[in-house]
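Here the structure comes first, spelled out in structure tokens, and everything after it is commentary.
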2 protein chains.
Amino acid sequence: MNKKLTIKDIAQLAGVSKGTVDRVLHKRGKVSQKALDSINAVLEQADYEPNLIARNLKNNKIYTVCVVLPDPASDSFWLPCIKGIEEAKKEFKAFNLSISTYYFDPENTESFIAVNKTVLDLAPDAVLLAPIFYKEAQNAVEKYNKHNILVNTFNNQVESGEVKNFVGQDLQQSGRIAAKLMEVIAQKGQIAIIHIDEKFKNAIHMQEKEKGFRNYFAQKENADYNIITLNLKRTNYEIKFTDFLKENPSLTGLFITTSKAYQIAEIIQETSQNKISIIGYDLLDKNINYLNQGTIDFLINQNPKQQVYLGISFLVDYFVFGKEINNTTLLPIDIVNSENASYYME
Amino acid sequence: MNKKLTIKDIAQLAGVSKGTVDRVLHKRGKVSQKALDSINAVLEQADYEPNLIARNLKNNKIYTVCVVLPDPASDSFWLPCIKGIEEAKKEFKAFNLSISTYYFDPENTESFIAVNKTVLDLAPDAVLLAPIFYKEAQNAVEKYNKHNILVNTFNNQVESGEVKNFVGQDLQQSGRIAAKLMEVIAQKGQIAIIHIDEKFKNAIHMQEKEKGFRNYFAQKENADYNIITLNLKRTNYEIKFTDFLKENPSLTGLFITTSKAYQIAEIIQETSQNKISIIGYDLLDKNINYLNQGTIDFLINQNPKQQVYLGISFLVDYFVFGKEINNTTLLPIDIVNSENASYYME
DNA sequence: CCAAAAAATGTGCTCGAACACACTAAAATA
DNA sequence: TATTTTAGTGTGTTCGAGCACATTTTTTGG
């Protein structure tokens with residue numbers, strides 16, 4: 001009694017065959033006005049929903065998806081992505097999806113180009129891309145599109161009408177969140193925004209976060225803090241930062257815009273006398289370690305794992321269930337302290 | 001070429017018919033040792049996964065699920081659940097699932113009993129229950145089980161081997177998170193844990209949170225704070241709390257263990273001179289309002305919407321896809337300030 | 001050694017949607 | 001009027017798993 005209507009039911013109710021109903025549902029034409037009317041009449045008051053399970057039974061094509069991201073061995077920020085991909089594989093194993101992963105060297109644009117070339121030659125149905133090199137990424141996206149390969153991105157945004165979906169965070173807003181936290185925990189005084197990264201690849205990322213951070217204090221017209229910016233490179237960050245500390249004795253807070261907060265925390269823990277509040281990004285083991293020790297006060301979770309997972313699940317929605325997918329998906333920006341960190345690390 | 005293995009493929013590889021493979025897969029017996037060995041040999045190196053889509057094609061029953069929760073009109077904590085149910089309905093429309101919602105009066109155990117009676121008479125396949133009345137809930141779960149109705153719970157835990165799955169949060173841990181936040185933002189002095197609720201229904205909830213909160217400071221051996229507890233009832237909380245404020249002039253922080261932080265914030269905003277940090281629960285509009293004004297410093301998100309959504313999606317996994325489901329699912333405990341609140345309210 | 005019983009194995013149908021193809025009936029053309 | 005064309009309709013098969021039932025093979029006992 002409690003059964004869903006099938007095409008056969010509709011056909012019976014309308015006094016036609018299932019083939020005719022099928023033609024109406026798919027607008028394939030070749031239907032008389034009379035049949036059309038009677039079928040539409042039935043459809044209107046019967047709220048028929050096609051059975052997705054049956055629909056996909058026949059479609060036994062395996063969709064191939066390539067995930068392209070920086071090698072987690074070079075930058076452990078990307079480590080959680082492996083788990084995300086594994087989970088997605090497991091979750092969607094039942095559907096016809098074949099996922100393979102390709103790493104590139106995050107400090108080498110050539111490597112990025114080469115990996116994308118490899119993937120292009122494989123001609124998958126879709127690519128899920130971490131486009132950390134802006135220009136090269138745009139180029140890659142264009143090529144994929146030329147070959148009718150669907151492109152979704154995550155973590156970094158590439159302005160392009162050719163990207164089907166982007167999963168990531170609002171970086172300016174994450175800067176504002178950091179600012180709000182800083183305002184609550186840091187003593188009056190000087191606050192430094194610290195950009196620390198191997199290369200320029202995170203340039204846009206870091207700038208957006210700084211913008212949001214500064215905007216917050218500007219809007220609040222909060223004169224308790226004097227905000228300065230410091231750029232650090234890998235090669236000499238230790239000496240440069242130690243000098244910076246000496247030059248700015250009234251520092252009360254540090255906002256590190258990349259996942260390298262542990263590098264700063266290490267120095268602070270050794271040298272600093274007075275409390276300096278530290279807010280950083282990402283749940284790397286080293287960061288968590290300083291979070292637990294109290295040297296880092298808060299971490300902001302960019303949730304790379306969830307980003308890939310969602311990116312893949314959108315592809316399943318699109319390919320397997322024929323759903324249209326949103327252009328942009330902004331993930332929540334999680335505030336993490338020592339007590340709730342474990343939940344976000346799984 | 002890129003196709004998943006089917007039972008037919010396995011049969012061919014093992015030199016038997018699909019019926020025999022089927023018997024092996026389902027351990028239905030009536031298979032010779034020889035056939036068993038050859039099929040197992042094939043299965044071992046072929047990693048066969050049954051096609052869930054085909055498996056469920058035949059099963060065209062509509063599963064009926066009743067969600068039983070407090071009326072959001074009486075306690076707006078539950079308001080987000082409506083959205084969660086709507087989303088689940090939309091998401092799982094394609095699968096054979098019929099979801100209906102039943103509200104009871106959260107201040108009236110009779111109403112809880114009555115609603116469960118109604119639902120029991122409907123004989124659904126499963127019930128997703130917010131068991132806020134412990135004893136009555138246990139009773140209801142027992143009755144459901146007697147009638148072979150699957151019971152999942154959310155938000156509140158009922159100790160019972162008869163509950164298939166619980167979705168919620170670790171309340172002690174959420175108390176610890178509040179404590180950690182409080183330690184970072186509140187000045188040295190006195191901190192009050194405030195239990196404020198209409199009735200006793202949240203008694204266990206509040207106690208667990210208090211336990212976690214106190215444990216944190218006890219473990220840290222932090223002597224900067226003196227922690228006291230205050231119980232408030234709806235009828236006279238204004239007078240009682242105002243008196244309490246006068247009696248305790250050195251208060252620097254308040255931890256409100258229910259969603260009623262706005263009631264306290266209102267009084268604090270009017271009367272208090274020195275900064276008193278407030279940490280509360282749940283993203284009610286009134287709470288968010290004080291969060292934006294800076295009277296409330298942090299809210300902890302119990303994520304009722306996600307709780308129901310997950311509860312329903314587990315039922316889909318169980319009924320439609322035949323997956324086994326975990327006994328307990330603990331959601332992350334989100335720390336919310338004015339800048340990231342919107343993400344958790346959708 | 002043969003018949004009956006038991007064990008093992010294979011066949012064929014079902015589920016719902018999709019689509020190719022066969023078929024009918026009416027209209028157009030010779 | 002006979003024949004072709006075309007619009008309209010219905011039938012039958014496919015997908016993979018699951019299970020009832022038919023069929024074959026093996027074992028048992030008289």
Side-chain angles (χ1 to χ4, degrees), chain A residues 1-40 42-43 46-63 93-97 319-323, chain B residues 1-40 42-43 46-63 93-97 319-323:
Chain A
M1 46 171 174
N2 218 357
K3 271 183 60 181
K4 273 182 81 171
L5 287 175
T6 71
I7 282 196
K8 221 168 146 188
D9 297 325
I10 303 288
Q12 204 162 23
L13 287 168
V16 294
S17 77
K18 68 197 179 86
T20 307
V21 176
D22 181 71
R23 274 183 288 272
V24 172
L25 287 173
H26 293 82
K27 301 199 174 81
R28 273 196 262 273
K30 311 220 171 187
V31 174
S32 69
Q33 194 61 44
K34 195 180 133 201
L36 186 76
D37 290 343
S38 72
I39 291 171
N40 275 333
V42 172
L43 284 177
D47 95 303
Y48 165 78
E49 279 285 331
N51 183 329
L52 287 188
I53 290 174
R55 170 177 288 174
N56 283 290
L57 181 56
K58 188 135 192 188
N59 187 6
N60 63 342
K61 178 183 185 322
I62 287 197
Y63 294 99
K93 194 164 45 172
F95 307 108
N96 300 316
L97 204 73
F319 284 126
V320 180
F321 296 114
K323 288 188 196 167
Chain B
M1 47 174 171
N2 219 358
K3 271 184 62 179
K4 275 182 76 173
L5 287 175
T6 70
I7 281 196
K8 223 167 142 188
D9 297 325
I10 303 289
Q12 205 162 23
L13 288 168
V16 294
S17 76
K18 69 194 180 88
T20 308
V21 176
D22 182 71
R23 274 183 287 271
V24 171
L25 288 172
H26 293 82
K27 302 197 174 85
R28 272 196 262 272
K30 310 220 171 188
V31 174
S32 69
Q33 194 60 44
K34 195 181 131 201
L36 186 75
D37 291 343
S38 72
I39 290 171
N40 276 333
V42 173
L43 284 176
D47 94 303
Y48 164 78
E49 276 289 327
N51 184 330
L52 289 188
I53 290 174
R55 169 177 287 173
N56 286 288
L57 181 57
K58 195 144 190 180
N59 190 2
N60 61 344
K61 179 183 186 318
I62 288 195
Y63 295 98
K93 189 167 53 175
F95 306 107
N96 300 317
L97 204 74
F319 284 127
V320 181
F321 294 113
K323 289 187 195 167

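Just so it is clear: chains get the letters A, B, ... in the order the sequence lines come, proteins before strands, and each one is counted from 1.
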Given dG16(C), dT11(C), dT11(D), the nucleotide with the shortest approach to the side chain of N51(A):
dG16(C)
Rounded distance in Å - CD1 (I7(A)) to P (dT9(D)):
16 Å
What string of B, S and - do you get for nucleotides 23-28 of chain D, 5' to 3', if B is base contact, S is sugar-phosphate-only contact and - is no contact with any protein heavy atom under 4.0 Å?
------
Can you tell me how far C1' of dG16(D) sits from CD of E49(B), to the nearest Å?
14 Å
dist I39(B):CD1 -> L13(B):CG (nearest 0.5 Å) comes out at 11.0 Å
Over how many whole Å does the gap from I62(B) atom CD1 to dC15(C) atom P extend?
16 Å
Taking all non-hydrogen atoms of both residues into account, name the closest pair between I10(A) and A46(A) and its distance.
CD1-CB, 4.3 Å
How about N51(B) and T6(B): do any of their side-chain heavy atoms sit closer than 4.5 Å?
no
Nearest whole Å is fine: how far is dG16(D) C1' from D9(B) CG?
10 Å
Less than 3.5 Å apart, which donor and acceptor atoms pair up between the side chains of residues 28-36 of chain A and the rest of the protein, not counting sequence neighbours?
from   : atom 1 : to     : atom 2 : distance (Å)
R28(A) : NH2    : D22(A) : OD2    : 2.9
S32(A) : OG     : A35(A) : N      : 3.2
Q33(A) : NE2    : D37(A) : OD1    : 3.2

Hey, is the side chain of T20(B) poking within less than 4.0 Å of OP1 or OP2 on dG10(C), counting only N and O atoms?
yes
Which pairs, protein N/O on one side and nucleotides 12-14 of chain C N/O on the other, fall under 3.5 Å?
from    : atom 1 : to     : atom 2 : distance (Å)
dG12(C) : O6     : K18(B) : NZ     : 2.8
dT14(C) : O2     : K58(B) : NZ     : 2.8

Can you confirm whether E49(A) is buried at CD, in the sense that more than 12 heavy atoms of other residues, nucleotides or ligands lie under 6.0 Å from that atom?
yes
Spacing between I39(B) atom CD1 and dG10(C) atom C1', to the nearest angstrom:
12 Å
Let me spell it out: for each of A54(B) and A35(B), pick the nucleotide of DNA chain C with the closest heavy atom. Which residue's pick is nearer the 5' end?
A35(B)
Closest to the T6(A) side chain: dG16(C), dG18(D), dT9(C)?
dG16(C)
Which residues satisfy the side-chain hydrogen bond (donor to acceptor under 3.5 Å, both in side chains) test with Y48(A), sequence neighbours excluded?
none
Nearest-angstrom distance from the residue atom NZ of K8(B) to P of dT9(C)
20 Å
Near DNA chain C, counting only heavy atoms under 4.0 Å, which residues of residues 23-31 of chain B show up?
R23(B), K30(B), V31(B)
Scan D22(B) against the nucleic acid and name what it touches under 4.0 Å (heavy atoms): base, sugar-phosphate only, or nothing.
base
As a check of understanding: the bend across the helix from dC1(C)-dG30(D) to dA30(C)-dT1(D), end axes from five pairs, rounded to 10 degrees, works out to 70°
Distance, nearest 0.5 Å, that separates CG of L25(B) from CZ of R23(B)
11.0 Å
Does Y48(A) place a side-chain N or O at less than 4.0 Å from the phosphate oxygens OP1/OP2 of dG16(C)?
no
Expressed in angstrom and rounded to an integer, what is the separation of K34(A) atom NZ from dA26(C) atom P?
11 Å
Which pair of heavy atoms, one from A14(B) and one from S38(B), lies closest together, and at what distance?
O-OG, 3.5 Å
